[in-house]
Asker: 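For reference, the structure I am asking about is given below.
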Amino acid sequence: MTSAACSGLAPNALGGHCGHMRKIIIDCDPGVDDASALFLGLAARRELDIVGVTTVAGNVGPALTARNACWVRELAKRDEVPVYAGCARPLVRPPLDARDVHGASGLGGLPVGVPAKGVEPQHAVAWLVETFRKAAPCSITLVITGPATNMAAALAMAPEITAALDEIVVMGGASREGGNITPSAEFNVYVDPHAAAAVFACGVPITIFSLDVTHQVRTTADIVTRFRASGARIPALMADLFAFSNTIKHDVLDAPGAPLHDPCTIAYLLEPSLFTLKPCSVAVETASAIAMGHTAVDFRARQGQAMPIKWAVQADAERFFAMLLARVSAL
Ligand code: RIB
Ligand code: CA
């Protein structure tokens with residue numbers, strides 16, 4: 001089913017105006033900022049029906065991203081949400097992790113134990129295919145905050161699964177901001193550019209939160225203080241995660257505070273007015289050694305060229321952090 005076909009169907013909209021919850025799947029590589037995105041999603045009980053969480057190799061290896069998702073789920077007291085471990089390496093490119101940014105555990109300096117409940121026995125890709133095949137048309141939103149390997153593999157197994165999706169919301173890519181893992185590429189797309197290209201071209205409406213917008217939401221010392229002073233359990237824990245990220249001397253710290261990438265995807269689902277989006281087309285570099293993983297964004301409507309992607313260009317950072325803090329304080 002193409003994106004146009006979804007427009008005539010009852011949208012998988014937030015409970016706000018249709019009274020039903022939005023079904024979502026969060027595909028992630030926790031990951032310090034993935035953890036914040038999971039906390040926000042797990043806190044939005046009234047608006048988001050998290051059908052499942054799938055994990056992928058990215059910031060750290062596959063066993064650790066799976067363990068970390070289960071640990072965050074336990075901290076959020078949402079063990080009823082199933083977690084499925086996914087692909088252990090990119091489709092074509094060699095594995096690459098970001099332990100230098102997320103710590104050896106993947107969750108910064110957070111004390112991490114063995115979760116009481118682990119992952120489900122089914123592989124994430126098989127579960128995605130089975131779930132999308134059984135789902136009603138346009139009934140599920142997929143959020144991807146790591147390399148897009150799992151969804152690309154699912155599309156290769158069963159291209160028809162696009163009919164079940166109303167939108168794919170991605171954290172990845174960069175245009176105006178330049179890259180964070182190379183001068184021209186953002187980490188998620190760089191790790192698996194072939195997967196990103198396949199997902200961007202699958203025909204489902206795509207909304208992308210790239211470095212262009214995530215660099216506008218930074219965990220400054222003031223934000224760390226506000227989260228820590230909240231007196232609530234999870235914000236205080238997130239303050240420690242933010243503080244860890246702020247100690248990392250990496251190139252994106254060209255302004256006070258580390259960018260908080262992944263929660264932008266969930267915040268958009270809960271409060272779209274936080275962001276300004278522009279239609280565009282996006283091509284992913286999968287061959288050049290120098291520009292591997294670059295996302296070439298074209299905002300110009302060319303004769304006969306589709307503009308299937310919405311690219312976030314602006315964020316209201318003050319409202320974003322106020323909403324994030326209010327939501328996770330309820331966990
Ligand atoms: O480039 C930032 C992205 O890469 C984030 O999703 C972060 O968690 C890492 O996966
Ligand atoms: Ca991530």
Side-chain angles (χ1 to χ4, degrees), residues 25-41 53-62 64-69 71-72 83 86-87 89-90 93 95-108 110 124 142-151 168-193 195-196 199 207-219 238 241-242 244-246 248 250-254 257-268 284 292-295 312 315:
I25 293 171
I26 303 176
D27 185 54
C28 55
D29 63 334
V32 170
D33 57 325
D34 303 76
S36 291
L38 286 171
F39 281 133
L40 179 57
V53 172
T54 53
T55 61
V56 68
N59 287 320
V60 287
L64 285 180
T65 56
R67 190 276 314 264
N68 292 343
W71 187 246
V72 168
V83 175
C87 293
R89 55 154 301 139
R93 299 275 302 153
L96 175 72
D97 69 45
R99 275 172 288 177
D100 58 330
V101 173
H102 294 264
S105 73
L107 290 179
L110 190 72
L142 175 65
V143 175
I144 305 176
T145 65
T149 315
N150 286 335
M151 185 54 180
I168 300 175
V169 184
V170 173
M171 190 280 136
S175 179
R176 191 186 64 236
E177 280 293 296
N180 60 2
I181 188 73
T182 71
S184 56
E186 175 278 327
F187 178 80
N188 288 336
V189 178
Y190 181 77
V191 168
D192 202 337
V199 171
T207 305
I208 298 180
F209 292 83
S210 75
L211 302 184
D212 293 6
V213 72
T214 65
H215 281 192
Q216 298 173 35
V217 289
R218 290 178 179 266
T219 55
M238 288 170 67
L241 294 173
F242 299 163
F244 177 89
S245 296
N246 288 351
I248 301 295
H250 49 93
D251 57 356
V252 293
L253 276 188
D254 52 359
L260 190 58
H261 307 287
D262 294 338
C264 289
T265 58
I266 305 295
Y268 157 72
V284 181
M292 180 63 72
H294 177 68
T295 44

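Reckoned from all heavy atoms, side chains included, excluding hydrogens, waters and symmetry mates. Owing to the predicted nature of the structure, the values given are computational and were not obtained by experimental measurement. Atoms within a ligand are numbered from 1 in the order they appear, just like the ligands themselves. For the single chain, residues carry numbers from 1 onward in sequence order.
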Asker: Looking only at heavy atoms, which two atoms of Val169 and Phe209 are closest? And how far apart?
Answerer: CG1-CE1, 3.7 Å
Asker: So, for Leu38 and Ala69, which heavy atoms are closest and what is the spacing to 0.1 Å?
Answerer: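 Closest approach of Leu38 to Ala69: CD1-CA, 4.3 Å.
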Asker: Under 6.0 Å from the CZ atom of Arg176, do we count more than 12 heavy atoms belonging to anything else shown?
Answerer: yes
Asker: Mark yes or no for whether Thr65, through its side chain, and Val56, through its backbone, hold a donor-acceptor pair below 3.5 Å.
Answerer: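 Yes: the side chain of Thr65 pairs with the backbone of Val56.
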Asker: Identify which one of Thr145, Asn68, Asn59, Thr149 satisfies the side-chain hydrogen bond (donor to acceptor under 3.5 Å, both in side chains) criterion when paired with Asp29.
Answerer: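 Filter result, single survivor: Asn59.
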Asker: No waters, cut-off 3.0 Å: how many protein N, O or S atoms are close to the Ca ion (ligand 2)?
Answerer: 5
Asker: Could you report the tightest heavy-atom contact between Ile144 and Met151, atom names first, then the distance?
Answerer: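 Of all heavy-atom pairs spanning Ile144 and Met151, the closest is CD1-CB, 4.1 Å.
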Asker: May I have the N/O to N/O pairs between ligand 1 and the protein that fall below 3.5 Å, each with atom names and distance to one decimal?
Answerer:
from	atom 1	to	atom 2	distance (Å)
ligand 1	1 (O)	Asn180	ND2	2.8
ligand 1	1 (O)	Glu186	OE2	2.6
ligand 1	4 (O)	Asn188	OD1	3.2
ligand 1	6 (O)	Thr145	O	2.9
ligand 1	6 (O)	Asn188	ND2	3.0
ligand 1	6 (O)	Asp262	OD1	2.6
ligand 1	6 (O)	Asp262	OD2	3.1
ligand 1	8 (O)	Asp33	OD1	2.6
ligand 1	8 (O)	Asp33	OD2	3.2
ligand 1	8 (O)	Asp34	OD1	2.9
ligand 1	8 (O)	Asn59	ND2	3.0
ligand 1	8 (O)	Asp262	OD2	3.1
ligand 1	10 (O)	Asp29	OD1	3.3
ligand 1	10 (O)	Asp29	OD2	3.0
ligand 1	10 (O)	Asn59	OD1	3.2
ligand 1	10 (O)	Asn59	ND2	3.3
ligand 1	10 (O)	Asn188	OD1	2.8

Asker: Atom CG in Asp27, atom CE in Met171: separation rounded to 0.5 Å?
Answerer: 14.0 Å
Asker: If the condition is side chain to side chain contact (heavy atoms under 4.5 Å, CB included), which residues does Pro90 pass it with, not counting sequence neighbours?
Answerer: Arg93, Pro95, Val191, Asp192
Asker: Could you pull out all residues at least two apart from Phe39 that satisfy ring pair (Phe, Tyr, Trp, His ring centres under 6.0 Å)?
Answerer: none
